[in-house]
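Everything quoted here is computed from the prediction, not taken from an experiment. In what follows, every heavy atom counts, from backbone to side chain, and hydrogens, waters and symmetry copies are set aside. Starting from 1, each residue takes its place in the sequence as its number.
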Amino acid sequence: MVRANGAVSLRELARVVQTSEVTVRRDVRALEAEGLLDRRHGGAVLPGGFARESGFPQKSHLATAEKTAIADLAAGFVEEGEAIVVGAGTTTQELARRLARVPGLTVVTNSLLVAQALAHANRVEVVMTGGTLRGSNYALVGSGAEQSLQGLRVSRAFLSGSGLTAERGLSTSNMLSASVDRALVQAAAEVVVLADHTKLGTDTMFQTVPTDVITRLVTDEPPGHDDRAATELQALADQGVQIAVAGGPGAGAAQQAPEVVAADRRGPRRDVPLPGQRRNLAPGGGGSGPQLRTAAPLAEPPGGRVADLAPRRR
């Protein structure tokens, strides 16, 4: 299955061979020892290490249920009439399908898959970057894409990637994709990362979003045995990232007032930065130069929860 698809989830393997994920995990570990595949949290991929990136067909088979739940939750953070940027990826494609129902929305994207998902949404305006088409993930990259983003200002950026750690933040395996993602981040007042638990603790070659720039992480509930994912979530909270968990307690219930996440030491609002000045603005927009508007604080949507992770005392 790995040779055919490039990647496979443990859940799918367990379903196909009709056994438990514990048994599958043991067998995958043995196959890795023989050099036949590389283990990843929640799945396995073809060998290749940091330098290899799976294409869209392979990624679309990994953690599909988790990506759906994450997209459902993340869509609740988008408000009517908002202008946002949405990066490339299978999780952001799922998000785009849900954004088609948000009236007055403007979506800037470098992803053909995101644009396709919104193509028939008559109340959503889609703005595509320029650039060179990268066929493996159907995204526009290169200097054309980056130049088309200069001077752009939106309220939020929704991005995915290949890995997420508290130490380095969001990362990806391709240099061109990383460069465009960084340009998308520079255009946004708030940065929301969409990453399922299989990406937590995974580090890849090129950093796209440092941890201190990430406003919120939308993820799924890690399995009880996945201590590494749980540890990484706490470390991200310690770094000031708000954590929203899809499928957690209260999912599907009526929306309630969000829990205050003490981990967000930056406060609920951040100024829209001037180019090259993301971390130089004083709180509340102080300092010289024109004052730009702030993005509305993110509230807790239905179908998930804001994790009650607080920074550990040091």
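Using a 4.5 Å heavy-atom threshold, the side chains of E232 and T165 count as touching. Residues L99 and I84 are in side-chain contact: their nearest non-hydrogen atoms beyond the backbone lie under 4.5 Å apart. Annotation: side chain of L164 is in contact with side chain of L236 (closest heavy-atom distance under 4.5 Å). A heavy-atom distance below 4.5 Å is found between the side chains of V28 and L10. Counting heavy atoms from C-beta on, the side chains of R11 and E21 come closer than 4.5 Å. The side-chain heavy atoms of R156 and V191, taken from C-beta on, include no pair separated by under 4.5 Å. Between L233 and L200, the closest side-chain pair of non-hydrogen atoms falls below 4.5 Å. With contacts defined as side-chain heavy-atom distances shorter than 4.5 Å, the pair S179/V141 does not qualify.
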I would like to know whether T92 and S111 meet side chain to side chain contact (heavy atoms under 4.5 Å, CB included); could you show each step before the answer?
CA-CA 9 Å; T92 51; S111 169; 5.5 Å; no

Could you go through V124 and V107, starting from their C-alpha distance and side-chain angles, then the distance that decides it, and tell me whether this counts as side chain to side chain contact (heavy atoms under 4.5 Å, CB included)?
CA-CA 7 Å; V124 177; V107 177; 4.0 Å; yes

Show your reasoning for whether side chain to side chain contact (heavy atoms under 4.5 Å, CB included) applies to M128 and N110.
CA-CA 6 Å; M128 295 207 67; N110 69 319; over 6 Å; no

Check the pair V114, V126 against side chain to side chain contact (heavy atoms under 4.5 Å, CB included), reporting the backbone distance first and the verdict last.
CA-CA 9 Å; V114 169; V126 179; over 6 Å; no

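Heavy atoms only, all atoms of each residue included: F206 and N174 are closest at CD1-C, 3.6 Å. The two residues A178 and Q207 come nearest to each other via the heavy atoms CB-O, 4.3 Å. Residues L112 and L133 come closest through the heavy atom pair CD1-CD1, 3.5 Å. Here the shortest heavy-atom pairing between S162 and S173 reads OG-N, 3.7 Å. Here the closest non-hydrogen pair linking L95 and A71 is N-CB, 3.5 Å. Across A157 and V85, no two heavy atoms sit closer than the pair CB-CG2, 3.2 Å.
Remark: the E82 side chain and the S155 side chain contain an N/O donor-acceptor pair separated by less than 3.5 Å. For the residue pair K67 / S160, no side-chain donor-acceptor distance below 3.5 Å is found, with atom types taken as modelled.
Rounding to the nearest 0.5 Å places CG of L184 at 7.5 Å from OG1 of T129. Here the CG atom belonging to D196 is positioned 5.5 Å from the CG atom belonging to D220, to the nearest 0.5 angstrom. Rounding to the nearest 0.5 Å gives a distance of 12.0 Å between CG of L176 and CG of L140. Remark: R216 CZ to F77 CZ distance equals 4.0 Å, nearest 0.5 Å. In this structure, N122 CG and L118 CG are separated by 11.5 Å, a value rounded to the nearest 0.5 Å. The OG1 atom of T172 sits 10.5 Å away from the CE atom of M205 when rounded to the nearest 0.5 Å.
A donor-acceptor pair under 3.5 Å is absent between the side-chain atoms of T106 and the main chain of E125, judged by distance alone. Formation of a donor-acceptor pair under 3.5 Å by the T208 side chain with backbone atoms of L170 is found in this model. With S171 contributing its side chain and T204 its backbone, the two residues share a donor-acceptor pair below 3.5 Å. Under the 3.5 Å distance criterion, the side-chain polar atoms of T215 are left unmatched by any main-chain donor or acceptor of V192. Of the possible polar contacts, none joining the R98 side chain to the L73 backbone as a donor-acceptor pair under 3.5 Å is found. With hydrogens and angles ignored, the 3.5 Å screen pairs a side-chain donor or acceptor of R228 with a backbone N or O of G201.
The pair E66-K199 does not meet the salt-bridge criterion, since no charged nitrogen lies less than 4.0 angstrom from a carboxylate oxygen. Using a 4.0 Å cut-off between charged nitrogen and carboxylate oxygen, E94 and R97 count as a salt-bridge pair.
Residues V24 and V22 are members of separate hydrophobic clusters, defined by side-chain heavy-atom contacts under 4.5 angstrom among Ile, Leu, Val, Met, Phe, Trp and Tyr.
More than 12 heavy-atom neighbours from other residues, nucleotides or ligands sit within 6.0 angstrom of CD on E32.
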